[in-house]
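Let me begin by presenting the structure, written as structure tokens, before commenting on it.
The shown structure was predicted, so the numbers you read here are calculated from the model rather than taken from an experiment.
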Amino acid sequence: MRTWYIHLLLPVLLALLLLTGCARTDPWETELDAMDTFMKLTVYGSSGEEVGAQAAARIRELEARLSTTAPGSDIYTANHTGSATLPADTAALLGRALALCADTGGLLDVTIYPVVRAWGFTTGDYQVPDQEALAPLLERVDYRTVSLVGDRLTLPEGVELDLGAVAKGFTGDELMALFRAGGVTSAIVELGGNVQALGAKPDGSPWRVAVQSPEGDGYAGVLEITDKAVVTSGGYQRYFEQDGETYWHIIDPRTGCPARSGVLSVTIVAGEGVLCDALSTALFIMGPEEAAAYWRAHGGFDYILIDEEGSVAITEGLEGCFSLYGSWEGRPLSVVRR
């Protein structure tokens with residue numbers, strides 16, 4: 001069996017910090033490995049270094065709180081004892097995540113952890129579990145069994161949480177709030193496959209973010225954003241092969257198996273990072289038609305969806321700020337409208 005794990009040193013979404021023509025302002029920058037991925041923070045302004053250092057510390061704090069594997073974390077404690085009294089920010093994130101689970105009809109489900117672990121995606125010890133092994137694990141997958149009353153979390157026996165589908169998005173939101181409180185008006189952060197920008201570039205022009213091609217190296221398109229989060233989920237991010245079949249880490253809670261919806265990648269664009277993070281997973285599982293129906297019914301975000309045929313669909317809010325790039329120019333591009 002051959003296996004791969006893409007550590008995202010080249011993130012799914014690369015911020016193209018093409019600052020030609022920008023004001024002559026030197027940013028404060030730092031790089032770190034956290035939450036199992038590579039991160040980069042770029043902050044402009046006189047308070048950039050001070051606020052940026054606070055942001056890096058906040059990332060470490062949230063990593064320690066939200067990890068499923070670090071003993072003593074809020075989530076580890078709850079998973080191993082069945083209950084926990086959560087700090088306010090962890091409780092707020094879990095509450096938001098449970099609401100998004102409900103909004104997506106359970107296609108996002110924060111109790112999927114035992115199934116993901118059975119496939120080896122939490123450990124790197126990849127395997128294809130048989131249905132006999134998956135069946136009892138799937139019985140535990142149901143976000144509706146999670147009880148969160150104020151800051152008090154209670155889990156039924158055998159139910160385990162994993163906030164990996166929302167943690168980096170929440171972190172991005174927290175960093176934007178920290179930047180604003182510190183007087184920063186221009187910043188961009190790369191958190192693995194998540195990119196989130198505060199305001200515009202120092203010269204007032206939008207940030208340019210490249211959407212990686214799910215078919216290999218290079219970019220499928222370029223997106224211009226201001227004050228937005230951009231998050232991609234793709235089967236190519238973390239996967240393994242066995243007996244000629246490819247198995248990726250995005251698990252459909254209905255089957256306990258990697259989602260097969262005709263989608264290669266989904267990129268969500270919105271003002272809230274945690275929303276982008278959650279919906280990039282859920283819409284990948286939905287597939288093109290259900291994703292379009294969900295967008296029409298809910299709104300509040302836009303998306304770029306690349307299907308298995310190599311066609312690209314964008315929602316109408318991205319017209320004028322997204323363009324195909326390089327070898328993807330000339331590919332079919334459709335606009336989803338209300």
Q) Between CG of Leu41 and CD of Gln54, what distance do you get to the nearest 0.5 Å? A) 12.0 Å

Q | Stepwise salt bridge (charged side-chain N to carboxylate O under 4.0 Å, His left out) check, Glu224 with Lys201 | A | CA-CA 11 Å; Glu224 295 187 338; Lys201 292 180 184 178; over 6 Å; no

Q) What is the distance from atom OG1 of Thr267 to atom CD1 of Ile314, rounded to the nearest 0.5 Å? A) 11.5 Å

**Q.** Where Ala165 and Leu108 come nearest, the two heavy atoms and their spacing
**A.** CB-CD1, 3.7 Å

Q: Have a look at Val269 and tell me which of Leu223, Val195, Val231, Val209 forms a side-chain contact (heavy atoms from CB on, under 4.5 Å) with it.
A: Leu223

Q) Given the rule in the side chain to side chain donor-acceptor pair (under 3.5 Å) test, do Asp162 and Thr68 qualify, once you have shown the distances and angles that lead to the verdict? A) CA-CA 6 Å; Asp162 181 0; Thr68 57; 4.8 Å; no

Q: Output the distance between atom CD1 (Ile112) and atom CD1 (Ile251), rounded to the nearest 0.5 Å.
A: 7.0 Å

Q) Which residues pass the ring-ring contact (aromatic ring centres under 6.0 Å, His included) test with Tyr76, sequence neighbours left out? A) His80

Q: Go through the steps for Leu62 and Met35 under the test side chain to side chain contact (heavy atoms under 4.5 Å, CB included), then give the verdict.
A: CA-CA 9 Å; Leu62 290 173; Met35 298 183 178; 3.9 Å; yes

Q: Write down the atom of Thr37, the atom of Gly192, and the distance for their closest heavy-atom approach.
A: OG1-CA, 3.2 Å

Q. Do Asp307 and Glu309 have side-chain heavy atoms sitting under 4.5 Å apart?
A. yes

Q: Give, for atom CG of Asp103 and atom CG of Leu275, the distance between the pair rounded to the nearest 0.5 Å.
A: 9.0 Å

Q. With sequence neighbours left out, what residues match Trp328 under ring-ring contact (aromatic ring centres under 6.0 Å, His included)?
A. none

Q: Could you tell me whether a side-chain N or O of Ser280 sits under 3.5 Å from a main-chain N or O of Asp277, the two making a donor and an acceptor?
A: yes

(Q) Checking Trp28 now: which residues fulfil ring-ring contact (aromatic ring centres under 6.0 Å, His included) with it, not counting sequence neighbours? (A) none

Q: Go through the steps to decide whether Asp89 and Arg65 satisfy the test salt bridge (charged side-chain N to carboxylate O under 4.0 Å, His left out), and finish with yes or no.
A: CA-CA 10 Å; Asp89 50 4; Arg65 293 258 192 93; 2.5 Å; yes

Q. Hey, are the side chains of Val263 and Pro288 touching, using non-hydrogen atoms and a 4.5 Å cut-off?
A. yes

**Q.** Pairwise side-chain contact, Tyr294 with Leu279, heavy-atom cut-off 4.5 Å (strictly under)
**A.** yes

Q | Minimum heavy-atom distance Tyr143-Gly106, with the two atoms named | A | CE2-CA, 3.7 Å

(Q) So, taking the atom named CG in Leu155 and the one named CD1 in Ile75, what distance separates them when rounded to the nearest 0.5 Å? (A) 8.5 Å

Q: Please lay out, stage by stage, how Thr111 and Asp109 fare under the test side chain to side chain donor-acceptor pair (under 3.5 Å).
A: CA-CA 5 Å; Thr111 64; Asp109 196 311; 2.5 Å; yes

Q: Give the C-alpha distance, both sets of side-chain angles, the deciding distance and a yes or no for salt bridge (charged side-chain N to carboxylate O under 4.0 Å, His left out) between Glu63 and Arg58.
A: CA-CA 8 Å; Glu63 178 182 39; Arg58 181 61 170 152; over 6 Å; no

Q: Examine distances only and state if a side-chain atom of Asp173 and a backbone atom of Gly273 form a donor-acceptor pair shorter than 3.5 Å.
A: yes

Q.
Please determine whether a side-chain nitrogen of the Lys or Arg among Asp227 and Arg180 lies less than 4.0 Å from a carboxylate oxygen of the Asp or Glu.
A. yes

(Q) Surrounding CD of Glu49 (heavy atoms of other residues, nucleotides or ligands, distance under 6.0 Å), is the total greater than 12? (A) no

Q) For the residue pair Ser233 and Ile250, what are the closest heavy atoms and their distance? A) CB-CD1, 4.0 Å

**Q.** Ile285 and Pro253, any side-chain heavy atoms less than 4.5 Å apart
**A.** yes

Q: Report the relative orientation of the aromatic rings in Trp248 and Phe284; use parallel for angles under 30°, tilted for 30 to 60°, perpendicular for over 60°.
A: perpendicular

Q) Where does the angle between the aromatic ring planes of Phe121 and His249 fall among parallel (under 30°), tilted (30 to 60°) and perpendicular (over 60°)? A) perpendicular

Q: Supply the atom-to-atom distance Leu198 CG to Leu175 CG, rounded to the nearest 0.5 angstrom.
A: 10.5 Å

**Q.** Residues Glu190 and Lys168 bridged, charged N to O under 4.0 Å
**A.** no

Q: Report yes or no: does Asp252 contribute a side-chain atom to a donor-acceptor pair with the main-chain N or O of Ala259 at less than 3.5 Å?
A: no

Q) Side chain of Asp302, backbone of Gly317: donor and acceptor closer than 3.5 Å? A) yes

Q) Is a side-chain donor or acceptor of Thr315 paired with a backbone partner of Tyr303 at a separation under 3.5 angstrom? A) yes

Q.
Determine whether Arg140 and Glu157 satisfy the following criterion, salt bridge (charged side-chain N to carboxylate O under 4.0 Å, His left out), listing intermediate values before the conclusion.
A. CA-CA 9 Å; Arg140 308 178 194 172; Glu157 185 176 356; over 6 Å; no

Q.
Using side chain to side chain contact (heavy atoms under 4.5 Å, CB included), reason through Glu31 and Met39 one step at a time and then give a plain yes or no.
A. CA-CA 6 Å; Glu31 298 177 354; Met39 297 185 176; over 6 Å; no

Q. Thr85 side chain to Arg152 main-chain N or O, any donor-acceptor pair under 3.5 Å?
A. no

Q.
Between Asn79 (side chain only) and Leu161 (backbone N and O only), is there a donor and an acceptor less than 3.5 Å apart?
A. yes

Q. Are any of the side-chain heavy atoms of Glu29 and Lys40 separated by less than 4.5 Å?
A. yes

Q. Okay, side chain of Arg338, backbone of Trp295: is any donor-acceptor separation there less than 3.5 Å?
A. yes

Q) Regarding Ser205 and Asp203, is there a side-chain donor-to-acceptor distance under 3.5 Å anywhere? A) yes

**Q.** Distance-minimising heavy-atom pair for Pro214 and Ile306
**A.** CD-CD1, 3.7 Å

Q.
Taking the side chain as everything from C-beta on, heavy atoms only, tell me whether Glu241 gets closer than 4.5 Å to Tyr247.
A. no

Q: Say whether, by atom type as modelled, one donor and one acceptor occur between the side chain of Thr104 and the main chain of Leu100 under 3.5 angstrom.
A: yes

Q.
For a side chain to side chain contact (heavy atoms under 4.5 Å, CB included) check, start with the C-alpha distance between Trp207 and Ser186, then their side-chain angles and the critical distance, and finish with the verdict.
A. CA-CA 10 Å; Trp207 304 96; Ser186 182; 3.5 Å; yes

Q) For the side chain of Gln127 and the backbone of Ala118, is there at least one donor-acceptor N/O pair under 3.5 Å apart? A) yes

Q: Compare every heavy atom of Leu107 with every heavy atom of Ala282, then report the nearest pair and how far apart it is.
A: O-CD1, 4.3 Å

Q. For the ring pair Tyr126 and Trp119, is the centre-to-centre distance below 6.0 Å?
A. no

Q. With a 4.5 Å limit on heavy-atom distance, are the side chains of Leu138 and Pro136 in contact?
A. no

Q.
Within the structure provided, determine whether Leu283 and Leu305 are in side-chain contact (heavy-atom separation under 4.5 Å).
A. no

(Q) More than 12 heavy atoms of other residues, nucleotides or ligands under 6.0 Å from CZ of Arg60: yes or no? (A) yes

